[in-house]
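Quick note: numbers below take in every heavy atom, side chains included, and nothing from hydrogens, waters or symmetry partners.
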Amino acid sequence: MNNGNKDFRRFFQSDPRALTLLTLPAVVLFVSFVVVPIISGINISFTNWNGYSQSYSYVGFDNYRKMVTDPQMWTAFRNTLIYGFGSTLIQTILGLSLAMLLCSKFFFRSAARTIVYLPAMVAQLIIGYIWYFIVTYERGALNDIVVFLGGAKIDWMSKGFRAVIIIMLINSIAYCGKTMIIFIAGLQAIPDMYREAASIDGANGWQVFRHITMPMLLPAFTTSLVLNIIGGLKMFGLVVAMTNGGPGYASHSLSSLINNLYFANQQAGYSAAVGMFSFAFIVIVNVLLNRYLQKKEMQYNG
């Protein structure tokens, strides 16, 4: 196997063109579907294009100046922080708890793992519509239960901040299975001898978890946190399905606001500016988070 790897490296070192040809399709796809759209979006963000007209004018930084003083944009930004960081916190707690529970041996373990993970395989928009019919005021399943218990119907999504919290909780519950799978893989990679040695030394369950399990799960934490924060900060489907950003603009995320500005308000230029801000913010958050978590991993491994 090692000889095969050496021959493989020797082949590309002797003929660099082969490596270029091998990576060319990936480079073309990356440029076509990532670099070009970003450059196009930056260009549009400096215009007053309405998204449909064949003509538009360059307006400089007007869209970005408007963004600074736009209360709708900052409401969407606040909501995006709640969706991103709130969902990540709850998903991490639920995912780790379920992973530790479902690493235990019992008869229905595989079925339980499948059931928990199943919602993560469903499109976010579909999850949103399912929950819409659960929490809707008229004939919603949740209100039917409230009425059955003798209470009065509640318009769950009528208040903006409450709607934001409900959407965040639904996202956390629906997609905690993805986090669970990552932590299960991390837990199964920890050799049993470490836990057994700690037990022999008299360590209790909490001490084993704190000093052995948690440090050795750092790579799983890095993967989980990065994926969950990216997913939460760009949340779109749940918001559109459950409230469409309402009441008013109170529950919009940045992604759903971008969609609304483009298609409903025909402000493609301003929509692109908000999109560039959202893109830059997500990149910065994840670069800083990656650096911090990798530093923690290096401290532990060192």
Side-chain angles (χ1 to χ4, degrees), residues 72-95 98 115-146 154-182 223-265 271 274-275 277-279 281-282 285-286 289:
Q72 294 175 357
M73 185 271 173
W74 290 109
T75 298
F77 180 63
R78 180 207 66 185
N79 295 342
T80 298
L81 295 179
I82 295 173
Y83 294 142
F85 293 99
S87 293
T88 298
L89 176 62
I90 296 174
Q91 281 178 278
T92 301
I93 295 171
L94 286 177
L98 288 167
I115 292 170
V116 173
Y117 182 72
L118 196 59
M121 300 172 64
V122 180
Q124 196 177 75
L125 197 64
I126 296 174
I127 293 289
Y129 283 124
I130 291 171
W131 276 96
Y132 171 80
F133 289 109
I134 293 175
V135 302
T136 189
Y137 181 76
E138 293 292 342
R139 300 179 181 178
L142 191 56
N143 271 340
D144 286 345
I145 295 171
V146 171
I154 301 172
D155 196 348
W156 297 99
M157 312 303 286
S158 64
K159 295 183 179 180
F161 188 72
R162 183 168 65 191
V164 169
I165 297 302
I166 290 173
I167 292 171
M168 182 265 291
L169 291 173
I170 289 171
N171 181 70
S172 304
I173 294 169
Y175 294 100
C176 67
K178 178 177 63 178
T179 306
M180 177 198 71
I181 292 298
I182 294 171
T223 303
S224 172
L225 289 174
V226 169
L227 290 177
N228 288 337
I229 285 181
I230 290 174
L233 292 178
K234 65 183 184 66
M235 186 186 294
F236 174 77
L238 276 179
V239 177
V240 170
M242 298 195 66
T243 64
N244 201 25
Y249 284 78
S251 63
H252 267 305
S253 65
L254 285 175
S255 295
S256 64
L257 179 65
I258 291 165
N259 179 75
N260 183 270
L261 290 170
Y262 190 111
F263 292 103
N265 296 341
S271 173
V274 177
F277 170 78
S278 176
F279 172 76
F281 177 72
I282 292 173
V285 167
N286 282 282
L289 181 64

Would you check if the side chain of D155 reaches a backbone N or O of Y137 as a donor-acceptor pair within less than 3.5 Å? no
Between the CD1 atom in I166 and the CG atom in L169, the distance rounded to the nearest 0.5 Å is 8.0 Å
Heavy-atom distance under 4.5 Å between the side chains of I167 and N79, does that happen here? no
Using the side-chain hydrogen bond (donor to acceptor under 3.5 Å, both in side chains) criterion, which residues pair with Y249? Sequence neighbours excluded. N260, N265
Sequence neighbours excluded, the answer for side-chain contact (heavy atoms from CB on, under 4.5 Å) partners of S172 is S87, I90, Q91, M168
Approximate separation, where rounding is to 0.5 Å, of Y83 OH and R78 CZ: 9.0 Å
side-chain contact (heavy atoms from CB on, under 4.5 Å) for M242 and W156? Distances and angles first, verdict last. CA-CA 11 Å; M242 298 195 66; W156 297 99; over 6 Å; no
Once you round to the nearest 0.5 Å, how far does CG of L257 lie from OH of Y262? 15.0 Å
Return yes if some donor-acceptor pair links the side-chain N/O of S253 with the main-chain N/O of T80 below 3.5 Å, else return no. no
Would you indicate whether Y132, at its atom OH, is surrounded by more than 12 heavy atoms from other residues, nucleotides or ligands within a distance under 6.0 Å? no
Would you please test F281 and L81 for side-chain contact (heavy atoms from CB on, under 4.5 Å) and show each step? CA-CA 11 Å; F281 177 72; L81 295 179; 3.4 Å; yes
Which pair of non-hydrogen atoms, one from F85 and one from I229, has the smallest distance, and what is that distance? CE2-CD1, 4.0 Å
If you look at every heavy atom in F133 and Y129, which pair is closest and at what distance? CD1-O, 3.0 Å
For the OG1 atom of T179 and the CD1 atom of I93, what is their distance to the nearest 0.5 Å? 11.0 Å
For V164 versus A250, what's the shortest heavy-atom pair and its separation? CG2-O, 3.8 Å
Are the side chain of S251 and the backbone N or O of G245 linked by a donor-acceptor pair below 3.5 Å? yes
Considering residues at least two apart in sequence or located in another chain, which fulfil the side-chain hydrogen bond (donor to acceptor under 3.5 Å, both in side chains) criterion with T88? none
Please name the pair of heavy atoms, one in Q124 and one in L238, separated by the smallest distance, quoted to 0.1 Å. OE1-N, 3.4 Å
Write down the atom of G237, the atom of L125, and the distance for their closest heavy-atom approach. O-CD1, 3.4 Å
Could I get the full list of ring-ring contact (aromatic ring centres under 6.0 Å, His included) partners for Y117, not counting sequence neighbours? none
List the residues meeting ring-ring contact (aromatic ring centres under 6.0 Å, His included) with F277, not counting sequence neighbours, and say none if there are none. F77
What's the separation between atom CD1 in I170 and atom CD1 in I127, rounded to the nearest 0.5 Å? 9.5 Å
Taking every heavy atom of C176 against every heavy atom of L94, the minimum-distance pair comes out as CB-CB, 4.0 Å
First locate atom OG1 of T223, then atom CG of N228, and finally report the distance between them rounded to the nearest 0.5 Å. 10.5 Å
What residue pairs, at least two apart or across chains, pass salt bridge (charged side-chain N to carboxylate O under 4.0 Å, His left out) with a residue in residues 168-178? none
Quick one, I82 and F161 - any side-chain contact, counting heavy atoms below 4.5 Å? yes
Ignoring hydrogens and geometry, is there a side-chain-to-backbone donor-acceptor pair from N143 to E138 under 3.5 Å? no
Would you check, one step at a time, whether the test side-chain contact (heavy atoms from CB on, under 4.5 Å) holds for L254 with M73? CA-CA 7 Å; L254 285 175; M73 185 271 173; 4.2 Å; yes
